[in-house]
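A short write-up of the structure that comes next.
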Protein chains: 2
Amino acid sequence: MESSIQDNIRAQMRKGLVEYCILSMLARKESYASEIIEELKKADMIVVEGTLYPLLIRAKNQGLLSYRWQESPQGPPRKYYFITEEGRKVLSCMDGIWTGIINSVDMIRKGE
Amino acid sequence: MESSIQDNIRAQMRKGLVEYCILSMLARKESYASEIIEELKKADMIVVEGTLYPLLIRAKNQGLLSYRWQESPQGPPRKYYFITEEGRKVLSCMDGIWTGIINSVDMIRKGE
DNA sequence: ATAATTACCTTGTATTACAAGATATTTCAA
DNA sequence: TTGAAATATCTTGTAATACAAGGTAATTAT
């Protein structure tokens, strides 16, 4: 099965933004994987489990996120992730990087 | 040697944008690899040869770019790449995707 | 000749996101 | 009390990207 060029481009462009988006979300309120996926879907930023779980583990190992267990009204307990102080510093830095990227692309698109 | 978390994030965020930027540049005027790298550098979008050459070849194989040889005032001949009609269609599509990504990130960043 | 400059290209590696599937806990109905 | 449904977490294997590092080749100047 072959994917279209456009699908491929959409996929490529999103790369690396996922971490920024997830840190952003968790900076406002703690959340668990299934809920994070639902909320990203609302903003058309589709992410699947196989992407999210390794990312959360990486961010936790870097000290950007931490988590606590909490019982669920139904099913197994939820792993609520929340942002750390270190994570907030990195997020603030990412804001600047993101703004810079938008400016760079804008310059290139419009012809410096 | 270990790179900082921030360097890593900067690198990740840029992924996939390079193709968009290069198609954009070539949509205004044809150019060759060394010049493309120089111009991207001006916009703080650093790209190296090992990234650019495979990308140009991929885009050519997809029919988005084509090229012609031209003698250089000094050194070996230059391979001038230019965008095709198909490339312009895809570029127009990428504009929309890029705008959509900016909107998505903005929604997520600001809390939908 | 040969060194310098300019240019093109390749190989191997780290990282990322995804597809697909495995595992575990709770509730509810038969 | 057994089993299905729902909700969760997590792992493995694969494809793709960007980069570091190095290789090849043509022209000009010394």
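Lettering of chains follows the sequences in order, A, B, ..., and the numbering in each one begins at 1.
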Problem set entry | From CD1 (I101(A)) to CD1 (I101(B)), nearest 0.5 Å | 11.0 Å
Problem set entry | Test: E39(B) and K29(B) ion pair at under 4.0 Å | yes
Seminar exercise, completed: Between R68(A) and the options K79(A), E30(A), R78(A), the side-chain contact (heavy atoms from CB on, under 4.5 Å) test singles out E30(A)
Problem set entry | For atom CH2 of W69(B) and atom P of dT6(C), their distance in whole Å | 18 Å
Problem set entry | Nearest-nucleotide pick for Y53(B), side chain only, options being dT11(D), dA17(C), dA7(C) | dA7(C)
Problem set entry | Distance, rounded to the nearest Å, where L52(A) contributes CG and dA20(C) contributes C1' | 17 Å
Exercise. Does E49(B) make a side-chain donor-acceptor contact with the base of dC19(D), cut-off 3.5 Å?
Worked result: no
Exercise. Looking only at atom types and distance, does a side-chain atom of S92(A) sit under 3.5 Å from a main-chain N or O of R88(A), one as donor and one as acceptor?
Worked result: no
Problem set entry | Whichever hydrophobic residues join F82(B) through chains of side-chain contacts under 4.5 Å | none
Exercise. Can you tell me how far CE of M94(A) sits from OG1 of T99(A), rounded to the nearest 0.5 angstrom?
Worked result: 12.0 Å
Exercise. Aromatic ring centroids of Y80(A) and Y32(A) under 6.0 Å?
Worked result: yes
Exercise. Y32(B) side chain N/O closer than 4.0 Å to the phosphate oxygens (OP1, OP2) of dC8(C)?
Worked result: no
For this session: Kindly point out which of dT9(D), dC19(D), dC8(C) is positioned nearest to the side chain of A33(B)?
Result: dC8(C)
Problem set entry | Out of dA8(D), dA7(C), dT16(C), whichever nucleotide has its closest atom nearest the side chain of R78(B) | dA7(C)
For this session: Find the distance between OH (Y81(B)) and CG (L64(B)) and round it off to the nearest 0.5 Å.
Result: 12.0 Å
For this session: Please state how far atom CG in L56(A) lies from atom P in dA17(C), giving the value in whole angstrom units.
Result: 12 Å
Problem set entry | Five-pair end axes of the helix from dA1(C)-dT30(D) to dA30(C)-dT1(D) and the angle they enclose, rounded to 10° | 20°
Dump every N/O contact between nucleotides 25-30 of chain C and the protein below 3.5 Å, one line per pair.
none

